[in-house]
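Notes for the one structure printed next.
Residues: numbered from 1 along the sequence shown. As the structure lists them, so they are numbered: ligands from 1, and atoms in each ligand from 1.
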Amino acid sequence: MRRLRLSLLGLCADALLVTHLPNVRYLCGFTGSSGWLLVEQDRSTFFTDSRYTFQARQEVLGARIQIAPHGLINSLAEALKGRRRLRLAYSPAQLSVAQFNALKAGLGGRVRWVRASQLIETLRAVKDASELNTIRDACMLISRVFEQSVASIRPGVTELALAAKIEFAIKSRGAQGPSFETIVASGPRSAWAHATPSLKPFRKNELVVLDQGAILRGYCSDMTRTVFLGRPTPKVRRLYGAVLEAQDAAKAAIRPGVTAQSVDAAARKALRSQGLERFFTHSTGHGLGLEVHEMPRLGRGEETVLQQGMVLTVEPGVYLDGFGGIRIEDDVVVTSSGAEDLTTAPRELLGL
Ligand SMILES: [Mn+2]
């Protein structure tokens, strides 16, 4: 809240309306599904509806709680009544056109709207010690879940059945649930980078991509491993080795002061040297925290400078139509001199 108020001064805004729930949670601790936060220099007000009266009382810190009987917009208008002029910052990507129009109508002409994108996201990108501890635990948990669930990959078991086992294990081990819909994709379907699990059974001599994450105490992990059902063929070995080398190259490029795009370039360069760059069809990674995708993105043209305390995924892959895909993904934290792995499941090619 203190760091946010400083950036508001820089924007010449009197207040910021926070409408994105992960940002609301980050600033005041509220974990429910409806709530806005108004941050001013001398106070903050949290608006929610009557379903959350008790929860807000227990969770919200550093803000006055305002239960809205007739919608958040009316309550906000009520709270701002009597202000003559207000420069109110908002994040355009996090308000619908309908909400924005209703806000303009409800708050009237005294508000000057100031567009402010990614103020809080920029703060969130660098994790503090307690956030790092939680992410570390979420990464440890998903590593254990993978090691446990890999034993269930056998011919005849369906992708959906394995996904169900993974998600059962996530909750059994004390996480709230998966941080995204678990990906289990086998055979040619493993070439679909974002496949959803299907009723397809595993067969002998297939690649299986498992992309799984857990939300623990609000924080996400995100890890991918690719295994081979049978004795890996020379082609699979070669592809797998190239992806692992690309991942190592990207990790080795991470340290404070380098740009996000330079990490992506390192992975691409490693795959290019094997003639495989054109099969790498997504970016190298992304930030991770309260949301499974947050700042910074490790991709082409991304000029964000990495800082100590950022948590990133590193996940190069190759996808060959009709054959299959291979992706290896770890979560790392940027340290004072490099990158430290947070996900620890084995990375060598596993033949089952
Ligand atoms: Mn990811």
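Side-chain heavy-atom separations under 4.5 angstrom define the hydrophobic clusters, and Val209 shares its cluster with no other residue.
Both tests pass for Lys235 against the ring of Phe323: distance under 6.0 Å to the centre and angle within 45° of the axis.
Counting all heavy atoms, side chain and backbone alike, Asp211 lies closest to Arg327 at OD2-NH2, 3.0 Å.
A donor atom on one side chain and an acceptor atom on the other are found under 3.5 Å apart for Arg173 and Gln148. Side chains of Asp331 and Thr313: a donor-acceptor N/O pair is absent below 3.5 angstrom, by distance only. Neither side chain, Glu302 nor His286, offers a donor N or O lying under 3.5 Å from an acceptor on the other.
Here 4 is the count of protein N, O or S atoms positioned under 2.8 Å from the Mn ion (ligand 1), waters not counted.
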